[in-house]
Student: 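Take this structure, written in structure tokens, and hold onto it; I'll ask about it next.
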Amino acid sequence: MISEKDLKILFDKDSIQTAIKELGERLNSDYGNDELYLICVLKGAVMFMTDLSKHLKMPLRMEFIRLSSYGSGFSSTGKVNAVDISLPDLNDKNVLIIEDIIDTGHTAKFLMDFIRHNFKTNSLKFCSLLDKKVKREVKIDPDYYGFEIDDKFLVGYGLDYDGYYRNLPYIGYIMT
Ligand code: IMP
Ligand code: MG
């Protein structure tokens with residue numbers, strides 16, 4: 001178990017909340033009063049989704065799915081596990097997927113393809129708090145993101161290492 005003292009803060013609580021407020025304002029202006037389905041990818045996106053949703057003004061519904069691609073280590077496996085992906089009828093709906101981070105892009109691509117294959121949505125977009133662009137292995141870009149980051153393993157604000165640190169109000173990395 002790594003101690004909190006070994007974490008270097010990258011985004012503090014205020015900068016995360018400011019970025020989320022700005023994203024919320026963009027979404028309000030882009031979707032207007034159109035009804036929206038937010039799909040939260042558990043477990044990492046839970047903090048981001050709940051904070052973001054509080055800024056949104058359109059009629060809103062939320063769904064939660066559970067995918068995993070990471071083992072207990074620091075690097076992505078590239079294989080995506082659909083732990084629980086039961087979804088309501090998304091035909092003709094505006095769908096926005098909410099993720100904590102896009103790393104290799106396998107998870108995001110899997111989910112976008114899954115939804116496209118099963119539904120004819122009115123719109124389908126992707127919103128990630130963090131974008132680790134340098135690590136991308138498949139071609140996918142989020143429609144909305146909060147911060148672009150380098151190749152560092154981050155924890156906090158939903159992001160975990162071996163299940164820990166999700167509760168931190170800031171995002172940091174492990175100093176090695
Ligand atoms: P991808 O499929 O490689 O894009 O990985 C996406 C998933 O891996 C994210 O939803 C996270 O759950 C996890 N992940 C990627 N990078 C990090 C990190 O730096 N810290 C914690 N989890 C990460
Ligand atoms: Mg995730």
Student: Indicate yes or no: at least one non-hydrogen side-chain atom of Val41 is less than 4.5 angstrom from one of Met49.
Tutor: no

Student: To the nearest 0.5 angstrom, please state how far the NZ atom of Lys43 sits from the CZ atom of Arg66.
Tutor: 4.0 Å

Student: Evaluate the criterion side chain to side chain contact (heavy atoms under 4.5 Å, CB included) for residue pair Leu23 and Phe48; output intermediate values, then yes/no.
Tutor: CA-CA 11 Å; Leu23 278 175; Phe48 178 38; 3.7 Å; yes

Student: Are Ser53 and Ile98 side-chain neighbours, meaning at least one heavy-atom pair lies under 4.5 Å?
Tutor: no

Student: To the nearest 0.5 Å, how far apart are CG in Leu130 and CD in Glu99?
Tutor: 10.0 Å

Student: Going from NZ on Lys132 to CD1 on Ile102, what distance comes out if it is rounded to the nearest 0.5 angstrom?
Tutor: 12.0 Å

Student: Tell me the side chain to side chain donor-acceptor pair (under 3.5 Å) pairs involving residues 23-33, sequence neighbours left out?
Tutor: Lys21-Glu25, Asp30-Tyr144

Student: Would you name the heavy atoms of Phe11 and Tyr170 that are closest together and state the gap between them?
Tutor: O-CB, 3.4 Å

Student: Hey, does Tyr157 have a side-chain heavy atom less than 4.5 Å from the side chain of Leu129?
Tutor: yes

Student: How long is the straight-line distance from NE2 of His106 back to CZ of Arg136, given to the nearest 0.5 Å?
Tutor: 10.5 Å

Student: Quick one: are Phe126 and Ile97 in side-chain contact, heavy atoms under 4.5 Å?
Tutor: yes

Student: If I take atom OH from residue Tyr165 and atom CD1 from residue Ile174, how far apart are they, to the nearest 0.5 angstrom?
Tutor: 5.5 Å

Student: My understanding is that only one of Leu87, Ile115, Asp84, Leu42 makes a side chain to side chain contact (heavy atoms under 4.5 Å, CB included) with Ile65; could you say which?
Tutor: Leu87

Student: Please check if Leu96 and Tyr145 belong to a single hydrophobic cluster, counting links between Ile, Leu, Val, Met, Phe, Trp and Tyr side chain heavy atoms closer than 4.5 Å.
Tutor: no

Student: Could you tell me whether the side chain of Val155 reaches within less than 4.5 Å of the side chain of Tyr164, counting heavy atoms only?
Tutor: no

Student: Would you say the side chain of Leu38 lies within less than 4.5 Å of the side chain of Leu56, judging by non-hydrogen atoms?
Tutor: yes

Student: Check Arg61, Glu63, Met62 against Ile39 for a side chain to side chain contact (heavy atoms under 4.5 Å, CB included) and give me the one that passes.
Tutor: Glu63

Student: Taking 4.0 angstrom as the limit, do Lys133 and Asp141 come out as a salt bridge?
Tutor: yes

Student: So which of Asp34, Asn94, Asn91 actually passes side-chain hydrogen bond (donor to acceptor under 3.5 Å, both in side chains) with Asn122?
Tutor: Asn94

Student: Once you round to the nearest 0.5 Å, how far does CG of Leu159 lie from CZ of Arg166?
Tutor: 8.0 Å

Student: Do Phe110 and Ile85 have side-chain heavy atoms sitting under 4.5 Å apart?
Tutor: yes

Student: Mind checking salt bridge (charged side-chain N to carboxylate O under 4.0 Å, His left out) for Glu22 and listing every partner two or more places apart, or none if nothing turns up?
Tutor: none

Student: A cation-pi test, strictly: NZ or CZ of Lys93 under 6.0 Å from the centre of the six-membered ring of Tyr37 and no more than 45 degrees from its axis. Yes or no?
Tutor: no

